[in-house]
Amino acid sequence: MHNLKEIRKDFENFIKSIQKRPIDINFNLLKKLDVKNRELIQKKEALEKEKKEISKSKDENLFNRSKEISEQLIKIIEEQKKIKNELDIILSNIPNVTHSDVPNGKNENDNVEIFKSGKKPNFDFKPKTHYEIGEKLKMFDFDLASRTTGSRFVFVKDKLALLERALSNFMLDKHMFKNGYQEISPPLIASEDTMYGTGQLPKFENDQFEIKFDEGSDRKFLIPTAEVILTNIVKDKIVDLKDLPMRFVASTPCFRKEAGSYGKDTKGMIRQHQFYKVELVSIVENDKCLEELERMTNCATGILDDLCLPYRKMILCTGDIGFSAEKTYDIEVWLPSENKYREISSCSSCSTFQAARMKTRYKNQNNELVNVGTLNGSGLAIGRTLIAVIENYQLEDGSVIVPEVLRPYMNNLEKISPN
RNA sequence: GGAGAGAUGGCUGAGCGGUUGAAAGCACCGGUCUUGAAAACCGGCAAAGGGGCAACUCUUUCCUGGGUUCGAAUCCCAGUCUCUCCGCCA
């Protein structure tokens with residue numbers, strides 16, 4: 001959420017920086033509403049002042065005037081609220097300003113590679129897809145899931161379920177004991193204002209699973225990522241400078257409608273309505289965002305290094321970067337069956353954008369109250385890591401070698417073979 | 001599900017129709033004292049929004065939304081959330 005006061009100072013420049021993204025915002029209307037809004041506020045405050053003075057004077061002769069003012073106020077306040085509302089709707093749909101490091105571009109094709117890492121496996125056979133391997137092992141069951149639930153769900157069974165759990169535990173341990181994150185086991189359901197805080201609402205309502213609660217209760221949503229619930233830990237708070245940075249990690253299921261990607265990745269578990277993800281969130285001083293982003297991204301790539309999976313680091317262009325982010329790195333893992341890299345982590349600095357929405361502030365060195373910076377990143381998406389392990393560690397006979405670092409989490413199992 | 005209690009500033013907590021934006025304490029910031037620190041003492045310390053180049057000033061805000069009143073943190077109604085007890089249950 002942008003601060004109108006700040007925008008007003010240099011409106012033209014603000015528009016220019018926002019328009020690096022492919023968006024359609026009616027800035028003229030925004031400007032007009034802002035002017036109108038302030039007019040009404042001034043009118044309102046003048047009347048309120050008069051009313052206040054009458055009540056202070058306790059002069060009975062003026063009581064009628066006071067009643068009159070009250071009636072006028074009702075109308076003005078109503079109109080002002082309406083204007084303010086329209087203003088807020090426009091404002092809450094304006095994305096974050098991208099950082100100057102972010103390359104200009106239209107879409108994902110314009111993202112820029114920073115580096116590649118790891119050695120791609122050399123197969124002397126045609127590598128199978130993860131779902132071919134998983135189904136042959138009888139440890140993925142998509143058909144069963146479509147019967148019990150619907151499309152884009154899966155049953156993971158037996159050793160692959162164990163592998164999935166091992167990945168989760170391995171990542172959690174590393175982030176907790178080596179990388180300094182505090183583990184959280186959060187609610188998987190978020191309220192409307194929580195979803196608003198991180199920017200999922202109002203613009204991306206179509207992607208969210210809303211839950212039917214009791215009649216009359218507030219709206220509730222299944223979290224699309226733990227980012228939502230972890231970042232909102234500091235919602236409506238003035239946090240202590242000495243508590244910063246705060247670093248949280250959680251392994252949770254994530255729920256997404258994936259509306260608008262109906263034709264994409266229909267096979268296998270690349271794109272599911274439900275998947276596990278280990279999420280990293282940092283709450284930092286607002287001038288520490290970029291250095292924290294590097295740190296966080298290193299925490300994510302560190303996992304891939306440990307798993308010996310080949311990957312590359314990308315910086316997203318202005319056309320592909322997310323709504324709340326000022327700067328984002330995507331980590332893409334190598335998938336032999338597709339012969340390309342696929343996103344496995346996305347690490348973003350949201351600068352003070354989410355904090356402004358959540359009303360999270362701290363007193364900085366100069367004793368000024370300012371918004372914190374927030375960051376989030378996957379460390380990593382479990383489902384896709386599972387895929388990457390299966391495909392990169394496959395053998396010709398359809399069995400899968402267990403990466404060494406995971407073996408302690410799997411009763412020292414070295415290889416997953418058909419039963 | 002039944003019965004009660006509550007929601008006040010960064011935190012704890014008073015106030016229960018008229019300079020109350022709100023006592024007190026803690027925390028925090030500045031100062032005195034001290035070789036330094038602690039303690040003690042003195043002073044400061046809510047946020048959002050509007051106007052102003054600024055000094056500054058105005059308005060709003062005591063869970064949320066309505067209502068009563070010239071005037072509401074304080075009274076009335078509705079809602080949300082939290083806590084305690086009982087029941088049920090993983």
Side-chain angles (χ1 to χ4, degrees), chain A residues 1-11 30-92 185-197 210-221 229 232-246 253 283 285-286 352-372:
Chain A
M1 180 69 118
H2 297 284
N3 186 335
L4 251 182
K5 249 188 193 167
E6 298 299 318
I7 294 178
R8 231 179 262 141
K9 281 186 197 158
D10 194 353
F11 197 66
L30 177 74
K31 208 169 181 176
K32 226 159 74 187
L33 288 170
D34 178 41
V35 171
K36 182 78 184 152
N37 181 239
R38 283 183 293 154
E39 265 173 35
L40 287 167
I41 286 173
Q42 284 170 47
K43 240 196 235 177
K44 181 186 88 160
E45 290 186 354
L47 288 172
E48 278 169 344
K49 189 177 179 197
E50 191 182 343
K51 189 174 157 180
K52 205 172 176 180
E53 272 159 9
I54 293 173
S55 120
K56 254 186 197 165
S57 74
K58 300 184 198 170
D59 180 348
E60 286 182 38
N61 300 316
L62 294 173
F63 286 178
N64 274 335
R65 170 64 188 152
S66 179
K67 278 186 180 174
E68 213 177 285
I69 291 173
S70 297
E71 276 165 33
Q72 284 180 40
L73 270 175
I74 288 172
K75 279 185 205 145
I76 292 175
I77 288 172
E78 198 187 332
E79 197 187 344
Q80 191 263 335
K81 267 189 187 163
K82 222 180 88 196
I83 301 278
K84 181 71 168 56
N85 216 311
E86 287 178 53
L87 205 51
D88 283 344
I89 288 171
I90 296 179
L91 269 179
S92 58
S185 173
L188 305 179
I189 293 173
S191 64
E192 189 175 6
D193 54 334
T194 293
M195 295 286 279
Y196 174 85
E210 182 166 3
I211 305 198
K212 200 170 173 186
F213 246 64
D214 293 336
E215 220 52 55
S217 102
D218 294 342
R219 300 177 73 192
K220 310 265 190 224
F221 299 83
I229 202 85
N232 275 282
I233 285 175
V234 291
K235 176 159 84 84
D236 292 315
K237 283 240 176 265
I238 296 179
V239 297
D240 253 320
L241 178 58
K242 61 174 185 280
D243 292 333
L244 298 178
M246 297 164 94
I283 314 293
E285 293 173 63
N286 60 12
T352 57
F353 186 81
Q354 293 180 323
R357 291 175 158 246
M358 295 188 300
K359 301 188 172 63
T360 306
R361 292 156 298 170
Y362 72 102
K363 251 187 200 153
N364 66 14
Q365 315 280 2
N366 304 326
N367 243 334
E368 303 158 322
L369 259 194
V370 291
N371 288 121
V372 298

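A, B, ... follow the sequence lines: proteins, then strands. Residue 1 opens every chain.
Spacing between A22(B) and C16(B) at atom C1', rounded to whole Å, works out to 13 Å. For A48(B) and G9(B), the C1' atoms lie 14 Å apart once the distance is rounded to whole Å. Here, A73(B) and U60(B) have their P atoms 10 Å apart, quoted to the whole Å. Here, G25(B) and G44(B) have their P atoms 13 Å apart, quoted to the whole Å. The gap from the P atom of U74(B) to that of C62(B) amounts to 8 Å, rounded to the nearest Å. Spacing between C26(B) and U64(B) at atom P, rounded to whole Å, works out to 29 Å. Separation of the P atoms belonging to C42(B) and U61(B) is 35 Å when rounded to the nearest angstrom. A39(B) and U34(B) have their C1' atoms separated by 11 Å, given to the nearest Å.
Taking atom CD1 of residue Ile74(A) and atom C1' of nucleotide U68(B), one finds them 13 Å apart after rounding to whole Å. Atom C1' of nucleotide C11(B) and atom CD1 of Ile238(A) are separated by 11 Å, given to the nearest angstrom. The distance from atom CD of Glu50(A) to atom C1' of U59(B) is 14 Å, rounded to the nearest whole Å. Look at CG on Leu73(A): it is 13 Å from P on G67(B), rounded to the nearest Å. What separates CD of Gln80(A) from C1' of G49(B) is a distance of 9 Å, to the nearest Å. Remark: P of C62(B) and CG of Asp236(A) are 16 Å apart, rounded to the nearest angstrom. When the P atom of A27(B) is taken as reference, atom CG of Asn367(A) falls 17 Å away, rounded to whole Å. In this entry the distance linking CG of Leu47(A) with P of G50(B) reads 18 Å, nearest Å.
Applying the 4.0 Å criterion to OP1 and OP2 of U60(B), one finds that Lys52(A) has a side-chain N or O inside that range. Dashed line: the shortest gap from a side-chain N or O of Lys49(A) to OP1 or OP2 of C58(B) is not under 4.0 Å. In this model, the phosphate group of G71(B) is not approached by any side-chain N or O of Lys58(A) to a distance below 4.0 Å at OP1 or OP2. Not one side-chain nitrogen or oxygen of Arg361(A) sits closer than 4.0 Å to the OP1 or OP2 atom of G10(B). Distances shown here put a side-chain N or O of Arg8(A) below 4.0 Å from the OP1 or OP2 atom of G50(B).
Stretches of at least 3 consecutive Watson-Crick or G-U wobble pairs, with each checked distance under 3.5 Å, appear in RNA chain B as B:1-7 with B:80-86, B:10-12 with B:24-26, B:28-32 with B:40-44, B:46-51 with B:56-61, B:63-67 with B:75-79.
At least one donor-acceptor pair under 3.5 Å links the side chain of Asn364(A) to the backbone N or O of Asn366(A). A donor-acceptor contact shorter than 3.5 Å is absent between the side chain of Tyr196(A) and the backbone of Ser191(A).
Between Lys43(A) and Ile76(A) the shortest heavy-atom distance is CD-CD1, 3.9 Å.
Side-chain proximity of Ser70(A) to the nucleotides G50(B), C29(B), G71(B) is greatest for G71(B). Set against A47(B), G10(B), G71(B), the side chain of Leu369(A) has A47(B) as its closest nucleotide. With C58(B), G18(B), A47(B) as the candidates, the nucleotide lying closest to the side chain of Ser55(A) is G18(B). Distance from the side chain of Ile54(A) is smallest for C70(B) among the nucleotides C29(B), C70(B), G51(B). In this structure, of G66(B), G49(B), U59(B), it is G49(B) that holds the atom nearest to the side chain of Ile41(A). Taking every side-chain heavy atom of Arg38(A) into account, G50(B) is the closest of C70(B), G50(B), A47(B). Comparing G51(B), G71(B), G10(B) by their nearest atom to the side chain of Gln42(A) picks out G51(B). Among G51(B), U59(B), A47(B), the nucleotide with an atom closest to any side-chain atom of Glu45(A) is U59(B).
Residues Ala46(A) and Lys237(A) both approach RNA chain B. Their nearest nucleotides, taken by heavy-atom distance, put Lys237(A) toward the 5′ side. With RNA chain B read from its 5' end, the first of the two nearest nucleotides for Leu4(A) and Glu48(A) is the one closest to Leu4(A).
Between Glu68(A) and Arg65(A) there is a salt bridge, since a side-chain N of the basic residue sits under 4.0 Å from a carboxylate O of the acidic one.
Asp59(A) and Asn61(A) share a donor-acceptor pair across their side chains, judged by distance under 3.5 Å alone.
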